[in-house]
Amino acid sequence: MGDRETWTSVEFGGSHRGWAGVLVADGSVPRPVYFSMMSGGDGHSVSQWSVYDGRHGRPRAAALRAVCACGWSGPERRLDWEEFGEEELDVAGYPVAEVCEQDWDDHLEDVDRSTLPLPETVACLLRQLEEEIDTLRASSPLAAVRAARKAEVVVQRAVERAARDVGYDMDLDDVAAALGLDDAEAKQLLIRLGRRR
């Protein structure tokens, strides 16, 4: 896989971790680039889009596209090497990588729409709570932290039994789909919210 910069969502976690993926001229995904360390003989693999600049025997990226851990891929975004001239790929290609991140953001909106919708009263309360804590933060950050902690305690008490019921009564695939998570993260969420070890 190789080291690379990723995008994450607090709500969907690793289930929908995203990154700017690379395609070479033939449309394939190149292998990670291996950088050896001079002194110890060890090294590391990197798959960050900006290392695929065609220099020093490395593959040259022809396009970038948003990629998500769930298997989704966005449209190809071509890199115009003629326009780049002598500019480094990490600078010249950055606007293309930003478009890929927006594609991934759009994907997350689709994921969110596919999850179990909240009742409007609950959605409204959550928006209001976020606004109130943000307002409080401006005047007293410590009070905002205290309010967030109180909200966390209230939510934990309210959700503990529901998480246990869901864990006992529902198929994990259905739970994961309703929450926009993969099975492993859905299981971990139910364990954490249900306070089971």
Side-chain angles (χ1 to χ4, degrees), residues 1-23 27-30 32 47-49 61 63-79 93-134 147-148 151-197:
M1 185 176 283
D3 294 338
R4 65 177 162 230
E5 178 183 302
T6 59
W7 312 307
T8 56
S9 155
V10 173
E11 183 172 1
F12 300 117
S15 297
H16 291 281
R17 178 171 287 116
W19 59 91
V22 173
L23 297 172
S28 65
V29 175
S47 58
Q48 173 69 14
W49 63 269
L64 302 180
R65 66 177 176 184
V67 179
C68 185
C70 73
W72 171 90
S73 293
E76 291 182 22
R77 305 296 182 179
R78 303 301 295 173
L79 296 170
Y94 188 75
V96 179
E98 284 186 316
V99 171
C100 291
E101 186 173 6
Q102 183 57 56
D103 290 340
W104 176 77
D105 286 338
D106 294 345
H107 164 63
L108 287 189
E109 289 178 15
D110 292 341
V111 169
D112 187 54
R113 282 190 292 274
S114 74
T115 62
L116 182 68
L118 292 175
E120 186 54 36
T121 54
V122 173
C124 186
L125 281 171
L126 292 172
R127 281 191 301 271
Q128 182 181 357
L129 178 61
E130 183 177 13
E131 290 168 6
E132 293 294 331
I133 290 176
D134 195 47
E152 187 177 53
V153 169
V154 167
V155 168
Q156 181 60 52
R157 278 195 310 250
V159 78
E160 192 171 324
R161 180 73 183 166
R164 288 180 183 170
D165 290 348
V166 166
Y168 292 132
D169 297 339
M170 293 185 69
D171 180 69
L172 188 57
D173 288 339
D174 294 336
V175 173
L179 299 175
L181 302 174
D182 63 28
D183 287 2
E185 285 205 55
K187 183 177 180 178
Q188 285 302 313
L189 178 67
L190 292 177
I191 289 169
R192 183 175 57 81
L193 293 179
R195 292 188 170 196
R196 295 192 344 237
R197 295 186 190 270

- Message: For V96 and W49: C-alpha separation, side-chain torsions, deciding distance, then whether side chain to side chain contact (heavy atoms under 4.5 Å, CB included) applies.
- Response: CA-CA 11 Å; V96 179; W49 63 269; over 6 Å; no
- Message: Classify the ring geometry of H107 against W72: parallel below 30°, tilted from 30° to 60°, perpendicular beyond 60°.
- Response: parallel
- Message: So, taking the atom named CH2 in W19 and the one named CD in Q48, what distance separates them when rounded to the nearest 0.5 Å?
- Response: 12.0 Å
- Message: Any heavy-atom pair between the side chains of D173 and D183 that's under 4.5 Å?
- Response: yes
- Query: Is the closest basic N to carboxylate O distance between D165 and R161 below 4.0 Å?
  - Reply: yes
- Task: Examine distances only and state if a side-chain atom of S47 and a backbone atom of P32 form a donor-acceptor pair shorter than 3.5 Å.
- Result: no
- Task: Please confirm whether the backbone N or O of L64 pairs with a side-chain atom of R77, one donor and one acceptor, at under 3.5 Å?
- Result: no
- Query: Would you call L108 and W7 a side-chain contact if the rule is heavy atoms closer than 4.5 Å?
  - Reply: no
- Message: Can a donor-acceptor pair be found, under 3.5 Å and without considering hydrogens, that links the side chain of E76 to the backbone of A63?
- Response: no
- Message: To the nearest 0.5 Å, what is the distance between SG on C68 and CG on D103?
- Response: 12.0 Å
- Non-neighbouring partners of D134 that pass salt bridge (Lys or Arg N to Asp or Glu O under 4.0 Å), sequence neighbours left out: R137
- Nearest 0.5 Å please: distance from the CD atom of Q188 over to the CG atom of D182. 10.5 Å
- Query: Would you call R127-E120 a salt bridge at under 4.0 Å N-O?
  - Reply: yes
- Item | Validation row: R65, L23 side chains within 4.5 angstrom (heavy atoms) | yes
- Ignoring hydrogens and geometry, is there a side-chain-to-backbone donor-acceptor pair from E160 to L193 under 3.5 Å? no
- Query: Can you tell if the side chain of L126 reaches within under 4.5 Å of the side chain of E130, non-hydrogen atoms only?
  - Reply: no
- Query: Are E11 and H16 close enough that some pair of their side-chain heavy atoms sits under 4.5 Å apart?
  - Reply: no
- When rounded to the nearest 0.5 Å, the distance separating CG of L116 from CG of D174 is 11.5 Å
